[in-house]
Amino acid sequence: MALSLLGIIIGLVLMVILSYKGHSILWVAPLCALVVAIFALYAGLGEGRTLLTVYTEDYIGGLAEYLASWFPAFFLGAVYGKVMDLTGTARSLGNAVIRLIGSKYALLAVAIPCMLLTYGGISLFVVVFVMYPMGYAIYREANIPRTLLPGAIAYGAFGITMTCIPGTPQIQNLIPIEYYGTTAMAAPGMSITAAVIIGGSGYIYLNRQIRKAQEMGIGFTEDPKYHPEDPERELPKWHWLAGVIPIAAVFICLNVLDLGIVLSLLIAIALCCLMNIRQYRILPKAFSDGAVGSVGAIMNTSSAVGFGAVVKIVPGFTLLTKMLLNLPGSILVSEAVATNVLAGATGSASGGVSIALSALSEKYLEAASGTNITPEMLHRVAALASGGLHMLPHNGALLTLLAVSHCTHKESYKDICITCCIIPAVTSAVLAAIWGLIA
């Protein structure tokens, strides 16, 4: 088992390094999964499993399951974003936001809509597609380097509204309910404390990066791979409503009418098209470009999920979970570390928290009985910790964001790592320790 655990570590480190260097996850993930499987071979892969079946059944199975589950949302989200882009809707909305709060607060102009969308229950991946054209327009108007834009989107979409804000409908906050019998509002005091720390420190850091760029005279440069609608074309003054109304429709359809993300996005696309009906000649191109763009994004994410599927079936994973369970200190600290590590190993916040709780939640509840540690505390620590080390370079949402924004890890990952990986990981561990002491 120890050799298998070493294989998990080597495979993960290799994938992080290769992903950071800009190599495609499409070949990096199966290669690293093969490394994990080779090390596990000597410890026993299980009855009937060979290196070939690990690839054809476990890796491809994990990839295919994710692809089948999320392709409609990726596809429609990409089409929605492209319709908003090519019709000028994103630019109109971006310019309206800049006029409302000023270019000085361009970071908030990008982050706040991301937070509202994710708190409204819209998938993080969909938010990336929808927000990039709008953020591109905002950062161009404010003359901020476009390589800082992925950090702003990640800060808004992958941050506090994913795990911290009480009642958030994101899956990372819903999964613990199944194991602890809690609600989405679990431990509001810890939630709000975490939101203030993660949100405040992230904003200070990203705003500092913008100021540094401006002091150095570095401004916005066009992306040669991205072709938005004509920036010189004059748009109607009311046109920003074509962006607001579809976004509001998604929120209402998903959270009030409970229509599901697919139907909600279809309604939003239809509304955006109707409000831009005079540009009907542009719409077929928007559909085509969005469809093509969605394929690369979901394949990148699915490949990373496939790696996580292989990690879960090797013997070293069992040893890893046992080690995490036996960490010294409060059971909350053990849960925070376990969830962070497993989310990092799988490159998925939801995957990490699901694996951690399916393997360890009963033991956590047993250890917490007779103490002042409540299921609500366990819920919140698990949710917070899922949003930490998951954002390593092979994370699916990160790969989608970089693919959509045409930025490399080298250009943009540092900001994302600090605000969506390091700060949340440290915060979850510190709050777990504090709540464990005062419970």
Side-chain angles (χ1 to χ4, degrees), residues 5-33 35-36 59 62-63 66 124-125 128 150-151 153-155 157-159 162-163 172 198 202 205 297 299-312 314 316-317 320-321 324 336-356 382-403 405 407-429:
L5 177 58
L6 178 62
I8 293 176
I9 296 171
I10 292 175
L12 178 61
V13 171
L14 181 62
M15 189 157 68
V16 168
I17 293 173
L18 292 176
S19 297
Y20 186 81
K21 287 183 174 294
H23 296 293
S24 173
I25 195 70
L26 295 179
W27 69 265
V28 167
L31 172 66
C32 295
V35 170
V36 172
Y59 177 81
L63 182 153
Y66 189 89
L124 311 179
F125 300 98
V128 168
I153 295 175
Y155 166 72
F158 308 161
M162 185 179 83
T163 62
Q172 293 80 6
I198 295 173
Y205 170 79
M299 283 304 300
N300 285 338
T301 305
S302 299
S303 297
V305 172
F307 171 82
V310 173
V311 168
K312 287 191 291 184
V314 299
F317 183 75
L320 177 62
T321 56
L324 294 171
V337 174
T339 306
N340 263 301
V341 169
L342 295 175
T346 59
S348 168
S350 58
V353 70
S354 295
I355 296 168
L384 291 175
S386 73
L389 295 183
H390 80 117
M391 198 53 66
L392 291 175
H394 62 294
N395 173 269
L398 167 66
L399 294 172
T400 298
L401 174 57
L402 295 180
S405 60
C407 291
T408 65
H409 283 78
K410 186 176 182 180
E411 289 174 323
S412 302
Y413 179 65
K414 176 185 175 183
D415 296 338
I416 299 172
C417 180
I418 291 175
T419 58
C420 299
C421 181
I422 296 175
I423 291 175
V426 172
T427 300
S428 65

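The first residue in the sequence is number 1, and the count goes up from there.
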Ser350: what forms a side chain to side chain donor-acceptor pair (under 3.5 Å) with it, not counting sequence neighbours? Ser348

Minimum heavy-atom distance Ala356-Thr339, with the two atoms named: CB-OG1, 3.9 Å

Test ring pair (Phe, Tyr, Trp, His ring centres under 6.0 Å) applied to Phe317 - qualifying residues, sequence neighbours left out: none

Is any side-chain heavy atom of Phe158 closer than 4.5 Å to one of Leu401? yes

Any heavy-atom pair between the side chains of Met15 and His23 that's under 4.5 Å? no

Hey, are the side chains of Val353 and His390 touching, using non-hydrogen atoms and a 4.5 Å cut-off? no

Which atoms form the tightest heavy-atom contact between Ala349 and Met162, and what is the distance? CB-CE, 4.1 Å

Separation between CD1 (Ile418) and CD1 (Ile416), nearest 0.5 Å, reads 11.0 Å

Residues two or more places apart in sequence or in another chain: which of them pass side chain to side chain donor-acceptor pair (under 3.5 Å) with Ser428? Asn340

On a heavy-atom basis, the closest approach of Ile25 and Pro30 is O-CD, 3.8 Å

Rounded distance [0.5 Å steps], CG in Leu14 versus CD1 in Ile9: 13.5 Å

Considering residues at least two apart in sequence or located in another chain, which fulfil the ring pair (Phe, Tyr, Trp, His ring centres under 6.0 Å) criterion with Tyr155? none

Which pair of non-hydrogen atoms, one from Leu398 and one from Asn395, has the smallest distance, and what is that distance? N-OD1, 2.8 Å

From OG (Ser24) to CG (Leu18), nearest 0.5 Å: 11.0 Å

Would you call Ser303 and Tyr59 a side-chain contact if the rule is heavy atoms closer than 4.5 Å? yes

Reported CD1-to-OG distance for the pair Ile153 and Ser405, which is rounded to 0.5 angstrom: 6.5 Å

Is the shortest heavy-atom distance from the side chain of Pro424 to the side chain of Thr163 under 4.5 Å? no

For Leu389 and Cys421, run side-chain contact (heavy atoms from CB on, under 4.5 Å): C-alpha distance rounded to whole Å, both residues' side-chain angles, the deciding distance at 0.1 Å, then the answer. CA-CA 5 Å; Leu389 295 183; Cys421 181; 3.9 Å; yes

Nearest 0.5 Å, what's the CG-CG distance between Leu26 and Leu31? 13.0 Å

Compare all side-chain heavy atoms of Phe307 with those of Val36 and state whether any distance is below 4.5 angstrom. yes

Just by distance, do the side chain of Ser386 and the backbone of Ala383 share a donor-acceptor pair under 3.5 Å? yes

If you take all heavy atoms of Ser412 and Pro150, which pair is closest and at what distance? OG-CG, 3.7 Å

Spacing of CG belonging to Leu392 relative to SG belonging to Cys417, to within rounding of 0.5 Å: 7.0 Å

Side chain to side chain donor-acceptor pair (under 3.5 Å) partners of His394, counting only residues at least two apart: none

Taking only residues two or more places apart in sequence, or in another chain, which ones meet Thr400 in a side chain to side chain donor-acceptor pair (under 3.5 Å)? Thr301

Any side-chain heavy-atom pair of Tyr205 and Asp415 under 4.5 Å: yes

Taking C-beta and beyond as the side chain, do Leu384 and Thr427 meet within less than 4.5 Å on heavy atoms? no

